Amino acid sequence: MKQTITELILQAVTPLVEDTSSLNIILERPKSAEHGDFASNIAMQLAKPLKQNPRAIAQTIIDNLPANSVISKVEIAGAGFINFFLSAQSKQDIVKNIFQAGEAFGRNTSGQQAKVQVEFVSANPTGPLHVGHGRGAAVGDCLCRLLDANGWDVTREFYYNDAGAQIDNLTKSVHARALGIAPDDARFPEDGYRGEYIGDIAKAYLAKETVTADDMAVTASGDVNDAESIRKFAVAYLRHEQDLDLQAFQIKFDVFSLESALYTEGKVENAVQALISSGHTYEQDDALWLRTTDFGDDKDRVMRKKEGGYTYFVPDVAYHREKWNRGFKRVINEQGADHHSTITRVRAGLQALNTGIPQDWPEYVLHQMVTVMRGGEEVKLSKRAGSYVTLRDLIEEVGCDATRYFLAARSADSQLVFDIDLARAQTNDNPVYYIQYAHARICSVLNQWAGDSTTLANADLSPLESAAETALMQALSQYPEVVVTACQASAPHMVANYLKELASALHSYYNDTKFLVDDVQIKQARLALITATRTVLRNGLYLLGVSAPDKM
RNA sequence: CUGCUCGUAGCUCAACUGGAUAGAGCACCAGCCUUCUAAGCUGGGGGUUACAGGUUCGAUUCCUGUCGGGCAGACCA
């Protein structure tokens with residue numbers, strides 16, 4: 001519909017300007033119904049180059065508009081807006097379109113099944129997932145669903161660091177607990193992890209338990225002094241815990257990548273050699289440096305430390321080089337904003353390889369920090385101090401649907417306050433229930449009608465002309481645009497906002513109009529409309545990973 | 001000190017990437033269930049979009065500065 005009107009405008013404008021290729025015809029949905037179904041500001045854009053009054057230009061465009069069946073009325077408003085009012089029938093067509101497409105309604109093929117990899121969560125195996133990871137999980141997974149809906153071939157990937165200083169720290173902490181040293185004991189490692197789960201791991205280790213994670217089974221030796229065995233066991237144990245966290249959050253990854261594998265397979269060494277031979281490195285103070293300032297960084301970075309080990313960004317570069325070699329021309333990294341400084345370094349490292357990787361590859365979606373409130377006070381998220389809110393606790397308290405919705409419904413680049421008491425105590429006020437309730441209400445009506453809803457596909461829709469019906473059909477017709485825009489902006493929260501509006505339109509309609517009336521023609525038209533609404537609610541909730549219950 | 005980011009109703013957040021009278025939810029006030037689920041609907045009060053400039057037909061949105069919050073700025077990850 002949008003495209004149809006855009007083309008009509010283009011035809012009308014062509015006689016006025018010499019070069020139509022530079023024209024950017026923007027059609028928007030006016031906030032107020034008084035301003036029609038679509039509005040264009042094209043006349044105001046042309047006012048300057050044509051040196052004419054925008055209202056006069058608007059009038060000329062309207063006069064030039066080709067005859068058509070979709071538009072019932074055109075008006076000039078304000079400073080020179082052109083407002084388009086659709087004919088009743090072209091509004092009603094949306095219901096038929098939805099019936100035809102079903103689950104596919106709103107999906108498009110613009111991605112052309114090109115490969116895209118989304119890396120998200122990527123928590124290190126040093127503790128269970130917390131709310132911050134949850135936000136990454138919710139946003140990342142919705143992003144994947146959006147990309148899929150736009151025709152991309154999506155790979156979900158989880159990268160974790162199973163080597164390095166933090167893992168040593170973890171190993172020491174478990175070792176201490178296995179020796180019976182309490183977290184508040186002076187002999188406990190100073191920067192050790194003090195959470196109670198460390199004690200659980202120590203206990204399981206001493207009991208020689210076996211844990212499975214990433215399809216690998218690890219059995220504890222039970223030997224308190226075998227650091228390597230403790231490390232392997234602790235990592236597997238926590239990866240298993242995180243798997244359970246993700247499972248509770250209903251998120252599935254396609255690929256898990258280990259940092260240690262980059263070393264054992266020689267990928268890190270290869271990347272280092274490639275950087276050296278590309279000529280962007282130098283030795284200084286017994287260390288090997290990468291001249292990242294050549295690529296926009298504010299200072300050069302050390303690659304190999306005096307002690308001989310590599311700094312953390314080297315495996316990062318090796319990992320991303322590997323992503324590129326695996327054929328992902330598009331990669332999106334979803335991560336917390338506290339890691340934003342790595343963006344410049346990783347990109348600089350990839351540029352330094354000189355292998356034709358675009359400067360702005362990979363893409364990043366950063367989410368701001370989550371503040372957790374409980375009892376009116378902020379709960380500090382400190383893994384080492386041991387007091388923090390795990391994702392699984394949260395899911396158990398407020399439910400998977402509500403947790404996902406809360407964490408995905410806000411713009412990623414604004415900080416979010418997660419009030420546990422509010423989410424738990426006032427579950428009825430959770431916005432997600434408002435949307436789900438709209439779906440359940442429709443199911444309930446259709447249930448009482450007890451007819452075959454597929455027969456509604458051919459219903460005569462001409463009775464649908466009330467304000468509530470028009471508003472609902474208008475909301476439905478916006479859905480495909482939301483799928484496109486939310487994906488382009490990498491902004492899943494737009495889907496959540498849209499669904500709230502759609503649910504609102506449905507609830508208003510429900511209170512305004514009785515559906516199960518005696519007049520068969522009217523009844524069928526109304527049932528067709530709410531059935532179409534149910535489809536869109538389902539499709540939209542699916543994008544958020546939230547269930548669409550038949551009953552509540 | 002430097003960089004990134006955010007600042008919108010009492011609170012939590014939107015605003016279709018520069019559009020028309022800045023919108024929802026919670027909270028507050030007044031109505032709506034003998035009728036398809038009241039987890040709902042309708043109406044009302046509540047705003048100098050942090051502040052000051054600039055760009056243009058038009059700014060919450062873009063630019064500059066100030067103030068305030070968050071996060072980064074290790075040969076830690």
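Below, chain A is the first sequence line, B the second, and so on; all start at residue 1. In this text the structure is predicted, and so the values were computed from the model without any measurement.
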Taken to the nearest whole Å, CG/A:Asn41 to C1'/B:U56 is 13 Å

Interatomic distance at C1', B:A39 relative to B:G25, whole Å: 13 Å

In numerical order, the residues of residues 401-414 of chain A whose heavy atoms come under 4.0 Å of RNA chain B are A:Arg410, A:Ser411, A:Asp413, A:Ser414

Ring centres under 6.0 Å, that's the criterion: do A:His507 and A:Tyr434 meet it? yes

Distance under 6.0 Å and angle within 45° of ring axis: A:Arg345 vs A:Tyr312: no

Does a side-chain N or O from A:Lys299 land closer than 4.0 Å to OP1 or OP2 of B:A74, or not? yes

Could you check how far NZ of A:Lys305 sits from C1' of B:C76, rounded to whole Å? 7 Å

For the base of B:G3, is there a side-chain donor-acceptor partner from A:Asp298 under 3.5 Å away? no

Counting side-chain heavy atoms from C-beta on, which of B:U35, B:C13, B:A77 comes nearest to A:Tyr312? B:A77

So, OP1 or OP2 of B:C41: does either fall under 4.0 Å of a side-chain N or O from A:Tyr434? yes

Touch class at under 4.0 angstrom, heavy-atom based, for A:Asn83 against every strand present: base

So, for A:Phe120 and A:Phe158, is the gap between ring centers shorter than 6.0 Å? no

Sugar-phosphate only, base, or nothing, as touched by A:Ala337 at under 4.0 Å among non-hydrogen atoms: sugar-phosphate

Would you say the rings of A:Phe515 and A:Tyr509 are close, in the sense that their centroids are separated by under 6.0 Å? yes

Taking OP1 and OP2 of B:C57, is either one under 4.0 Å from a side-chain nitrogen or oxygen of A:Lys48? yes

Please measure how far the P atom in B:G45 lies from the corresponding atom in B:G23, and state the result in whole Å. 13 Å

Determine the Euclidean distance between corresponding C1' atoms of B:C4 and B:A9; express it in Å to zero decimal places. 29 Å

Roughly how many Å apart are B:U60 and B:U8, using the P atom of each and rounding to a whole number? 15 Å

Tell me the closest heavy-atom pair linking A:His367 and A:Gly132, and the distance in Å. NE2-O, 3.5 Å

Would the distance check show the side chain of A:Asp519 and the main-chain N or O of A:Gln521 forming a donor-acceptor pair, the cut-off being under 3.5 Å? yes

Which nucleotide in the set B:C36, B:G40, B:C57 lies at the smallest distance from any side-chain heavy atom of A:His507? B:G40

In terms of base orientation, is B:C33 syn or anti, with the syn window spanning 90° either side of 0? syn

Under a 90° cut-off about 0 for the syn range, is B:U8 syn or anti? anti

What distance, rounded to whole Å, do you find between the two C1' atoms, one in B:A52 and one in B:A20? 27 Å

d(CD, A:Glu28; P, B:U61) in whole Å: 17 Å

Identify each atom pair where a protein N or O and an N or O of nucleotides 42-44 of chain B are less than 3.5 Å apart, giving names and distance.
{"residue": "B:U42", "atom": "OP1", "partner": "A:Ser508", "partner atom": "OG", "Å": "3.0"}

With P as the reference atom in both, quote the distance from B:A74 to B:G68 in angstrom, rounded to an integer. 24 Å

Provide the distance between the two P atoms, one in B:U12 and one in B:G7, to the nearest whole Å. 13 Å

Minimal heavy-atom distance between A:Ser477 and A:Pro480, with the atoms involved, is O-CD, 3.4 Å

Between B:C51 and B:C11, how far is it from one C1' atom to the other, in whole Å? 23 Å

Per-nucleotide pairing state of RNA chain B [Watson-Crick or G-U, under 3.5 Å; [ ] pseudoknot-crossing; | other strand]: (((((((..((((.....[...)))).(((((.......))))).....(((((..]....))))))))))))....

Taking atom types as they are modelled, is there a donor-acceptor pair under 3.5 Å from the base of B:A39 to the side chain of A:Tyr433? no

Hey, does A:Ala47 reach any base, or is it just sugar-phosphate, or nothing, if we go heavy atoms under 4.0 Å? nothing

Nearest-angstrom distance from the residue atom CG of A:Asn497 to P of B:U12: 17 Å

Of the listed B:C36, B:C76, B:G73, the closest approach to the A:Ala165 side chain comes from B:C76

If you compare every side-chain N and O of A:His493 against the phosphate oxygens of B:A24 (OP1, OP2), does one of them come in below 4.0 Å? no

Establish, with yes or no, whether the OP1 or OP2 oxygen of B:G19 is under 4.0 angstrom from a side-chain nitrogen or oxygen of A:Lys31. no

Atom CD1 of A:Ile76 and atom C1' of B:C57: how far apart are they, to the nearest Å? 16 Å

When you check the phosphate oxygens OP1 and OP2 of B:A38, does a side-chain N or O of A:Arg441 lie under 4.0 Å from one of them? yes

